[in-house]
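One structure below.
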Amino acid sequence: DGGITQSPKYLFRKEGQNVTLSCEQNLNHDAMYWYRQDPGQGLRLIYYSQIVNDFQKGDIAEGYSVSREKKESFPLTVTSAQKNPTAFYLCASSSRTGSSNQPQHFGDGTRLSIL
Amino acid sequence: GEDVEQSLFLSVREGDSSVINCTYTDSSSTYLYWYKQEPGAGLQLLTYIFSNMDMKQDQRLTVLLNKKDKHLSLRIADTQTGDSAIYFCAERGGGNKLTFGTGTQLKVEL
């Protein structure tokens, strides 16, 4: 089945540690996105990528890094510089028609907690 | 910047209609979306409407858009317990980026 796979579902981070969240899609979508969700808040955009080997900062990029070496993969690293990483992280992707992105489709999320 | 607002909670009885409201500020919005999120899961795209439309109906879902007032609503007819979830409104503005509301928790009571 086509879809977006995020792993792991649950992740724990120790102080001072970097952790990487995986996002893979087999929908042949060009664009991929990472969002952070905190209780009682909407989704906030961390990073997005419209094409392989290119990505842009979203609204809350500090303390995070990404790479886009392959079309189907967009991993997110939560670095030790992110002082409040506990949140639910959602990956999304969308296709493009001309210069316009189609609706975003989401994975099932990764819940990151601090040990 | 862009802002999208929703009320936090809505409680309805099974079989009644639910109406979830959303207001946005970006007048250049091209598309507006409704997503559903069940506990511990990602967001599921329910429906979307292009900004030059007033209404879109899809089975039990009706989306109404008042572009002048920048007001969007989602009506769910014959609400069922399986409709209990958080509903997010989102608008697509410049740069193809989405701005999400805070989400409305819909509780369906028997």
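Below, chains carry the letters A, B, ... as their sequence lines are ordered, and counting in each starts from 1.
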Note: vs chain A, highest number of non-hydrogen pairs under 4.5 angstrom among T102(B), T99(B), L45(B) is T102(B)
Would Y48(A) and Q104(A) count as having a side-chain donor-acceptor pair, cut-off 3.5 Å? no
Just checking, is any N or O donor in the side chain of S94(A) or Y33(A) under 3.5 Å from an acceptor N or O on the other one? yes
Filtered by a 4.5 Å non-hydrogen cutoff, the part of residues 48-80 of chain B contacting chain A is Y48(B)
Lys/Arg cation over aromatic Y10(A): R111(A), 6.0 Å, 45° cone: no
Same cluster or not: F74(A) versus L76(A), using hydrophobic residues (I, L, V, M, F, W, Y) connected whenever any side-chain heavy atoms lie under 4.5 Å apart? yes
Are F106(A) and Y35(B) an aromatic pair, judged by ring center distance below 6.0 Å? yes
Hey, could you give me each pair passing salt bridge (Lys or Arg N to Asp or Glu O under 4.0 Å) that has a residue in residues 29-41 of chain A? Not counting sequence neighbours. D30(A)-K71(A), R36(A)-D38(A), D38(A)-R44(A)
Heavy-atom distances under 4.5 Å only: say whether Q6(B) touches chain A with side chain, backbone, both or neither. neither
Tell me, for L43(A) versus chain B, whether the close heavy atoms (under 4.5 Å) come from the side chain, the backbone, both or neither. both
Under the side chain to side chain contact (heavy atoms under 4.5 Å, CB included) criterion, do C22(B) and Y87(B) qualify, and how do the steps go? CA-CA 10 Å; C22(B) 171; Y87(B) 291 80; over 6 Å; no
Which answer fits Q56(A), side chain, backbone, both or neither, if we ask what part of it has an atom under 4.5 Å from a heavy atom of chain B? neither
L45(A) vs L98(B), side chain to side chain contact (heavy atoms under 4.5 Å, CB included): CA-CA, chis, key distance, verdict: CA-CA 8 Å; L45(A) 183 64; L98(B) 294 186; over 6 Å; no
